[in-house]
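So the structure is just underneath, and the comments pick up after that.
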Protein chains: 2
Amino acid sequence: MDIMSTILDVAKLAGVSTATVSRVINSPEAVREETRDKVTEAMKLCKYKYNALARGFVTKQSNTIGLIIPTINNPVFAESTRGVQDYADRNNIQVLLGNTYYQYKQEEKLVETFREKQVDGLIITTTNPRGAVLKTLVDEEIPFVLLYSTVKKGPMTVVGVDNFRGGYRATEHLVKLGHRRIGMVAGRFSISDRSFHRWHGYRQCLKNNKISYDKALLIQTDYSLTGGRDAVKKLLSLKDPPTAFFCSNDFLALGAMKGARELGLQLPRDLSIVGFDDIRIASYVIPELTTIRQPAYDIGKLGADLLFQRIGGCMKPVHRMLDLSLIVRESTAGPVG
Amino acid sequence: MDIMSTILDVAKLAGVSTATVSRVINSPEAVREETRDKVTEAMKLCKYKYNALARGFVTKQSNTIGLIIPTINNPVFAESTRGVQDYADRNNIQVLLGNTYYQYKQEEKLVETFREKQVDGLIITTTNPRGAVLKTLVDEEIPFVLLYSTVKKGPMTVVGVDNFRGGYRATEHLVKLGHRRIGMVAGRFSISDRSFHRWHGYRQCLKNNKISYDKALLIQTDYSLTGGRDAVKKLLSLKDPPTAFFCSNDFLALGAMKGARELGLQLPRDLSIVGFDDIRIASYVIPELTTIRQPAYDIGKLGADLLFQRIGGCMKPVHRMLDLSLIVRESTAGPVG
DNA sequence: TTGTAGGCGTTATCAG
DNA sequence: CTGATAACGCCTACAA
């Protein structure tokens, strides 16, 4: 700890210049083997520890990126986080992680601190794709990529999914099963454009199938198990309750299943539920959850890939909407009667 | 992006010295209001952006810590990660996150890169508490704290739980219910001392209850849903199969429940299962999972707290074993017959 | 292949 | 209260 030795110490000890030491670290092939060994030896002797900060300071490359997500508690974000981490790791880049808890202020703050920390770029799952934060990033040409949002054009690079289509397909599945009274439990639109787009898909599907939209069947709530449970109970207490629910994520859906069960209903006989995400546990609950699968890991991985390209100089914005798929399992069936 | 302005630019523009600019940033009260305003104004004019890296470079404080966990996929680690992040955030410290995937080599590598990045300290959920990595950290007096392990003395600061006791209580619950043939599905001991200690608790409990230990009833496997499912199926195919299982974490337990179900068994009538962790979903599955609760968030939070104390100079090692509690839910009952 | 020397953006020490 | 100026550890022309 105390006094760390620097390349100067090593240089002295090896009887060479600091430039040479620096070379054996960064481009060993550019120095004679003999000298190299001498230096390596010296490094051991004085227990030299490389200081990546000092390097970043001069090269203006921190080899660090910032990853901003709503909350690491949600398995989807944990999965995309893993995707970026794995990819970054393979490229010797470290990642600073920050949770916004769906609060714009927090997103703002994180972006600022990460920038002060001189991150080479940012990967963001935003709370508001039209907010000033992202706009500034674009204006100042900070390399960054947006995750999960449905943005098919414009100056931002984004790796997302077609949330509208996802919402549409989930609802369509229910309609095809024969449901006409379909409720939706959604994450609050104000903090999740993803949820908002999924709702649009839901509405459009109803419309296309000539099912009138009843706003009483929509509840916006926290993206949590309890949120899902409470919402479903409320909706089920209506005079003319839904026979099926589309939940805008799997947490909500799992919570909804619990709520239905507490009401004594049995899935999928008495009620159908479809989620969104396909988190791993979705296929391990009983009944197994029908849901829309997002390729979360790949979203993270591809996001990191594109970010590095951008950092590498490619400034042309890219919009990649990855495929969603409907995974039919056991939580959905036709309505009784 | 291009050319960032520095305090020198600001200084010139405001007609003061860099020292003064630095002062308005770090101790504004130490500079006359008039000058301060002048400087603030100038900062805006040239769009000055603070460079935290440069600061760290001179102060030798990066205000960054490294957090090393097995995998962010496991909700327990996601939860403790949140604990440290929240606490760090409140203290304006950023956290670098790394997954070891239970590989010691990876742990080694992460520690090294994080140290090169000049982190102020490390928080580690280790794969091997007796390995050289931690030993070196101790020797070189690098501030760090260990999470989740059962280490009640020695030079390391650790925030853990009594995994032995946890294993004991889980097993005891089963024994009291009347089970005599109790299997264990455990994470591999070679990569998790936690699992190893839980198994010891399990054995001790059997012994104290005069139930002979049958090593055929133990399976070590990956900490995953599939691992749990496959293990249970194998164990259940024995000539004299267990009537109950203790799984060393909730993932394993959830997987085990699935496996049992695929075999046509109904819980808790045909089989009892108890897990370990109490991840959130544990109380949302059917049947709800009986498990041992670990205060994951608090472990992370307290870990960060102790780390900061240590960074602050308190070098006395601290060992905090947090309370575990048995949460009895629906996945356990007495054996039939 | 190796050395010299200047600079990166900020803080800290000392004077004034 | 403010200003000069020397670090901090490393990289990178440029020269030798």
Side-chain angles (χ1 to χ4, degrees), chain A residues 1-43 46-64 92 113 115-120, chain B residues 1-43 46-64 92 113 115-120:
Chain A
M1 209 38 201
D2 302 42
I3 292 141
M4 311 233 53
S5 49
T6 73
I7 53 169
L8 182 60
D9 300 314
V10 178
K12 279 181 189 159
L13 200 61
V16 300
S17 75
T18 58
T20 302
V21 178
S22 176
R23 282 188 199 101
V24 343
I25 295 172
N26 298 295
S27 45
E29 69 287 355
V31 41
R32 208 188 336 150
E33 183 167 348
E34 196 182 342
T35 335
R36 203 194 309 158
D37 292 347
K38 231 171 29 181
V39 173
T40 317
E41 184 68 15
M43 292 203 292
C46 53
K47 294 181 183 173
Y48 170 71
K49 287 269 175 355
Y50 185 67
N51 184 333
L53 221 61
R55 169 179 221 276
F57 181 48
V58 17
T59 61
K60 283 150 157 353
Q61 277 237 329
S62 62
N63 288 326
T64 300
N92 289 308
T113 14
R115 285 189 67 182
E116 290 186 345
K117 280 263 158 72
Q118 311 299 112
V119 293
D120 297 331
Chain B
M1 209 37 202
D2 302 41
I3 291 139
M4 311 233 51
S5 49
T6 73
I7 53 169
L8 183 58
D9 300 312
V10 177
K12 279 182 191 158
L13 201 61
V16 300
S17 74
T18 59
T20 300
V21 178
S22 177
R23 281 188 198 104
V24 343
I25 295 173
N26 298 294
S27 44
E29 70 286 355
V31 41
R32 208 189 337 148
E33 183 168 346
E34 197 183 342
T35 336
R36 201 193 310 158
D37 292 345
K38 231 171 24 182
V39 172
T40 315
E41 184 69 16
M43 294 204 289
C46 52
K47 294 177 182 178
Y48 170 71
K49 287 269 174 353
Y50 185 66
N51 185 332
L53 222 61
R55 170 178 219 274
F57 181 48
V58 13
T59 61
K60 287 153 150 357
Q61 277 236 330
S62 62
N63 288 326
T64 301
N92 289 307
T113 12
R115 285 188 65 183
E116 289 186 345
K117 279 265 157 71
Q118 311 300 115
V119 294
D120 297 332

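By convention in this document, chain letters (A, B, ...) are assigned in the order of the sequence lines, proteins followed by strands, and residues within each chain are numbered from 1. These numbers come from a predicted model, not from an experiment.
Counting to the nearest Å, the C1' atom of dC14(C) and the CZ atom of R23(B) are 11 Å from each other. dG9(D) atom C1' lies 10 Å from atom OH of Y50(A), rounded to whole Å. F57(A) has its CZ atom 14 Å from the P atom of dT12(D), to the nearest Å. Distance CG (L53(A)) to C1' (dT10(C)): 12 Å, rounded to an integer number of Å.
Dashed line: the shortest gap from a side-chain N or O of N26(A) to OP1 or OP2 of dC11(D) is under 4.0 Å. For dT2(C), the OP1/OP2 oxygens have a side-chain nitrogen or oxygen of R32(A) closer than 4.0 Å. Residue T6(A) has no polar side-chain atom (N or O) positioned under 4.0 Å from OP1 or OP2 of dG9(D). A sub-4.0 Å separation between OP1 or OP2 of dG9(C) and a side-chain N or O of R55(B) is absent.
Taking all atoms of both residues into account, the shortest heavy-atom contact from Q118(B) to A52(A) is OE1-N, 4.3 Å.
Heavy-atom nearest nucleotides on DNA chain D were determined for V58(B) and for A19(A), and the one closer to the 5' end corresponds to V58(B).
Taking five base pairs at each end of the helix from dT1(C)-dA16(D) to dG16(C)-dC1(D), the local helix axes there meet at an angle of 30°, rounded to 10°.
With hydrogens and angles left out, the side-chain atoms of R55(B) and Y50(B) include a donor and acceptor closer than 3.5 Å.
The residue V21(A) sits apart from the nucleic acid: no heavy atom pair falls under 4.0 Å.
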